[in-house]
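Every value quoted in this text rests on a predicted model; they were computed, and no experiment measured them.
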Amino acid sequence: MRNDKSRLILITCLAVSLFFLFSYLTSFASPLIYTIQTGSFNKIISAQRELRVLMQDLDEEKLGYLRIEKIGEYYAVRLGRFQDYVSARKFLRTIRPKFPMAFILKAYIIDERTIVRLYRDGI
């Protein structure tokens with residue numbers, strides 16, 4: 001009887017601890033956004049070339065949040081920050097003729113991720 005009561009107390013303490021740990025970790029979770037990825041490259045020079053092509057081929061109003069992100073050993077060229085899939089899909093349709101390999105990603109905004117280059121207002 002005592003063994004069952006001890007086991008119940010232990011399980012309850014573990015459950016409460018896990019609940020608080022999960023609550024703590026989710027309070028720092030990054031927001032989920034939709035973005036367009038036009039390419040992923042293992043060399044920075046290739047990613048920079050893709051970024052220049054985007055800057056030349058797209059109208060300036062379509063270049064919001066154009067960036068190169070270092071993800072592990074790769075450099076991803078991404079464009080846009082959309083709150084919903086419908087907005088991202090609408091934008092993708094406008095650039096798809098020039099960039100047929102582009103696709104929509106769900107991505108977290110991760111502050112620790114290295115942004116190699118970010119396009120902002122002609123910079």
query: Does the pair Val53 and Thr38 meet the rule for a side-chain contact (heavy atoms from CB on, under 4.5 Å), with working shown?
result: CA-CA 11 Å; Val53 169; Thr38 62; over 6 Å; no
- prompt: When you look at Tyr34 and Lys106, which way does the side-chain contact (heavy atoms from CB on, under 4.5 Å) test go after all the steps?
  reply: CA-CA 5 Å; Tyr34 293 89; Lys106 276 192 210 180; 3.4 Å; yes
message: side-chain contact (heavy atoms from CB on, under 4.5 Å) for Phe99 and Leu79? Distances and angles first, verdict last.
response: CA-CA 12 Å; Phe99 301 94; Leu79 178 64; over 6 Å; no
query: Step by step, would you call Phe91 with Lys62 a side-chain contact (heavy atoms from CB on, under 4.5 Å)?
result: CA-CA 8 Å; Phe91 182 82; Lys62 292 183 180 173; 3.8 Å; yes
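Contact record, Ala107 with Thr35: CB-CG2, 4.2 Å, taken as the closest heavy-atom pair. Of all non-hydrogen atoms in Arg67 and Leu51, the two that sit nearest each other are C-CD1, 4.3 Å. Across Leu66 and Met55, no two heavy atoms sit closer than the pair CD2-CG, 3.6 Å. Among all heavy-atom pairs drawn from Ile36 and Ala102, the shortest one is CG2-CB, 3.9 Å.
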Which pairs of donor and acceptor atoms, one on a side chain in residues 80-89, lie under 3.5 Å apart (sequence neighbours left out)?
{"unit_1": "Asp84", "atom_1": "OD1", "unit_2": "Val86", "atom_2": "N", "d": "3.3"}
{"unit_1": "Asp84", "atom_1": "OD1", "unit_2": "Ser87", "atom_2": "N", "d": "2.7"}
{"unit_1": "Asp84", "atom_1": "OD1", "unit_2": "Ser87", "atom_2": "OG", "d": "2.9"}
{"unit_1": "Asp84", "atom_1": "OD2", "unit_2": "Ser87", "atom_2": "OG", "d": "3.3"}

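Judged purely by atom type and a 3.5 angstrom limit, Lys98 uses its side chain to pair as donor or acceptor with the backbone of Asp57.
Note that the CD1 atom of Ile68 and the CG atom of Leu54 stand 9.5 Å from one another [nearest 0.5 Å].
With sequence neighbours excluded, the residues satisfying side chain to side chain contact (heavy atoms under 4.5 Å, CB included) with Tyr74 are Ser40, Asn42.
Alongside Leu105, the hydrophobic cluster contains Phe103 (criterion: ILVMFWY side chains under 4.5 Å).
For the pairing with Phe41, the side chain to side chain contact (heavy atoms under 4.5 Å, CB included) check across Glu50, Arg49, Gln48 returns one residue only, Glu50.
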